[in-house]
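This report refers to the structure that appears directly beneath it.
Throughout, residue positions are numbered sequentially from 1 according to the sequence presented.
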Amino acid sequence: MKNQDEKFEDLKKKISGEVIQKNEAGYDEARAIWNGMFDKKPALIVRCSTEEDVVAAVNYGREEELIVAVKGGGHNSAGTASCDDGIMIDLSPLNKVEVDPERKIIKAQGGCLLSAIDAKAHVHGLTVSSGIISHTGVGGLTLGGGFGWISRKFGFSIDNLLSARVATADGRIVKASETENPDLFWGLRGGGGNFGIVTEFEFRASPVGKEVFSGPIVKNIDNLEECMIFYRDYVRKMPDEMTVWMVIRNAPPLPFLDEKYH
């Protein structure tokens with residue numbers, strides 16, 4: 001019977017990426033997530049560079065009865081990408097994107113940020129209907145539904161999901177699609193992240209061309225009621241290719257906002 005130290009050494013041998021413990025170099029950087037209100041400290045962080053790394057980390061967490069958190073982009077506002085005293089499975093090294101412009105299909109590994117997908121797809125005038133912030137992770141966004149700038153025309157991210165490769169809790173890699181493991185595929189599309197860890201997404205790509213027209217319209221709130229009524233009426237008539245969002249807030253001192261609005 002192996003003791004805990006021996007099991008941990010076995011884990012490190014199986015991981016081609018990194019295994020980082022508390023007080024080791026890079027620990028604080030690796031555990032950081034987007035919402036700084038959460039300062040959780042996992043017992044160890046496994047930065048996965050292969051599917052096999054993900055499986056090994058899942059198996060270790062299950063066998064040691066550890067809390068498991070999965071970090072893609074780390075954007076979840078509730079801080080679910082980390083945990084205290086458990087294992088953080090960091091997918092960020094899994095960030096490869098493949099674009100098939102002829103078939104209009106995009107494959108993105110589970111640790112990809114939206115910026116990585118856009119950079120590869122934009123060359124071909126394509127994209128994936130997704131979110132609004134470039135450093136959002138494709139995993140959390142898609143598994144939560146995925147609403148963004150072009151959703152009115154091309155649907156949610158889950159509407160464009162063709163298949164997913166999933167690491168299950170029992171340590172298997174399975175494919176989920178309409179024809180393979182369809183129940184799992186149904187659950188993944190908007191059901192959150194608790195059905196498994198998606199190591200690769202396959203999307204239907206949307207043709208958007210290489211140019212877009214965008215920008216902010218900034219106004220003081222002196223005539224807020226009038227603006228809201230206009231917005232309500234306008235969005236009902238605008239074409240699906242157009243998206244307008246109204247944001248009412250204290251304006252921060254950002255460079256694209258005139259100082260009189262700060």
Side-chain angles (χ1 to χ4, degrees), residues 2-34 40-76 80-83 85-99 106-117 119-120 135-143 163-176 181 184 188 193-203:
K2 292 183 179 181
N3 60 36
Q4 196 168 21
D5 290 339
E6 290 173 326
K7 291 179 182 178
F8 180 69
E9 290 302 316
D10 285 346
L11 172 67
K12 291 201 293 184
K13 291 175 183 177
K14 294 175 183 175
I15 299 297
S16 58
E18 294 181 87
V19 180
I20 307 171
Q21 292 180 282
K22 289 181 180 179
N23 303 318
E24 290 186 338
Y27 174 78
D28 285 330
E29 291 80 7
R31 72 182 178 90
I33 57 177
W34 175 74
K40 297 179 181 179
K41 297 180 179 179
L44 70 153
I45 301 169
V46 180
R47 305 191 74 243
C48 302
S49 58
T50 65
E51 280 186 339
E52 291 75 20
D53 286 357
V54 177
V55 170
V58 168
N59 287 338
Y60 183 82
R62 184 187 66 250
E63 291 163 4
E64 295 301 305
E65 298 184 347
L66 296 172
I67 297 172
V68 175
V70 183
K71 179 182 177 182
H75 254 256
N76 185 281
T80 56
S82 189
C83 59
D85 304 319
I87 179 172
M88 174 194 276
I89 300 178
D90 183 1
L91 303 181
S92 57
L94 286 168
N95 55 20
K96 184 179 179 182
V97 178
E98 295 180 4
V99 181
I106 295 174
K107 291 183 178 181
Q109 288 186 310
C112 282
L113 304 183
L114 301 187
S115 57
I117 297 175
K120 287 288 184 71
H135 47 88
T136 302
V138 65
L141 180 93
T142 301
L143 297 175
S163 70
R165 290 180 61 82
V166 186
T168 61
D170 58 358
R172 294 179 298 132
I173 294 289
V174 301
K175 183 177 180 180
N181 299 297
L184 175 59
L188 291 173
N194 290 327
F195 293 98
I197 300 175
V198 178
T199 59
E200 182 183 81
F201 296 89
E202 182 184 34
F203 294 103

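The line from CG of Asn95 to OG of Ser49 is 10.5 Å long, rounded to the nearest 0.5 Å. In this structure, Thr50 OG1 and Leu94 CG are separated by 7.0 Å, a value rounded to the nearest 0.5 Å. Here the CD1-CD distance, from Ile117 to Gln109, works out to 11.0 Å after rounding to the nearest 0.5 Å. Glu51 CD to Leu91 CG: the interatomic distance, rounded to the nearest 0.5 Å, is 11.0 Å. To the nearest 0.5 Å, atom CG of residue Leu184 and atom OG1 of residue Thr168 are 8.5 Å apart. Distance check, rounded to the nearest 0.5 Å: CD1 of Ile33 to CE of Met88 gives 6.5 Å.
Around CG of Asn194, the count of heavy atoms belonging to other residues, nucleotides or ligands within 6.0 Å does not exceed 12. Residue-environment remark: CG (Asn23) stays at or below the threshold of 12 foreign heavy atoms within 6.0 Å. The number of heavy-atom neighbours closer than 6.0 Å to CD of Glu6, taken from other residues, nucleotides and ligands shown, is above 12. More than 12 heavy atoms of other residues, nucleotides or ligands lie within 6.0 Å of NZ in Lys40, so this atom counts as buried by the packing criterion.
Ring orientation note: the planes of His75 and Trp34 are close to parallel, at an angle under 30° on the 30°/60° scale.
Between Ile87 and Gly61, the shortest heavy-atom distance links the atoms CG2-CA, 4.2 Å. For the pair Ser82 and Pro42, the tightest heavy-atom approach, listed with the atom from each and the gap, is OG-CD, 3.7 Å. The heavy-atom pair separating Ala176 from Leu188 by the smallest distance is CB-CD1, 4.0 Å. Shown here for Lys107 and Glu200, the closest heavy-atom pair between the two residues is CD-OE1, 4.0 Å. In plain terms, the two heavy atoms of Asp85 and Leu66 that are nearest each other are O-CD2, 4.1 Å. Taking all atoms of both residues into account, the shortest heavy-atom contact from Pro93 to Cys48 is CB-O, 3.2 Å.
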Q) Would Leu11 and Leu44 satisfy side chain to side chain contact (heavy atoms under 4.5 Å, CB included), going step by step from the backbone distance to the final call? A) CA-CA 11 Å; Leu11 172 67; Leu44 70 153; 3.8 Å; yes
(Q) For Arg47 and Glu18: C-alpha separation, side-chain torsions, deciding distance, then whether salt bridge (Lys or Arg N to Asp or Glu O under 4.0 Å) applies. (A) CA-CA 5 Å; Arg47 305 191 74 243; Glu18 294 181 87; 3.0 Å; yes
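Considering only heavy atoms from C-beta on, Gln21 comes within 4.5 Å of Phe8 through its side chain. A heavy-atom distance below 4.5 Å is not found between the side chains of Phe195 and Leu143. Annotation: side chain of Val166 is not in contact with side chain of Ile173 (no heavy-atom distance under 4.5 Å). The shortest distance between side-chain heavy atoms of Thr142 and Val198 does not fall below 4.5 Å.
Remark: side-chain polar atoms of Arg62 are paired, donor with acceptor, to backbone N or O of Ala169 under 3.5 angstrom. Judged by distance alone, the side chain of Asn76 and the main-chain N or O of Ala81 form no donor-acceptor pair under 3.5 Å. Between the Lys14 side chain and the Val55 main chain, no donor and acceptor come within less than 3.5 Å of each other. Between the side chain of Lys41 and the backbone N or O of Arg31, no donor-acceptor pair lies under 3.5 Å.
Looking at Lys7 and Glu63, no side-chain N of the basic residue comes within less than 4.0 Å of a carboxylate O on the acidic one, giving no salt bridge.
Test Asp10, Val46, Val54 against Ile15 for side chain to side chain contact (heavy atoms under 4.5 Å, CB included) and you get one pass: Val46.
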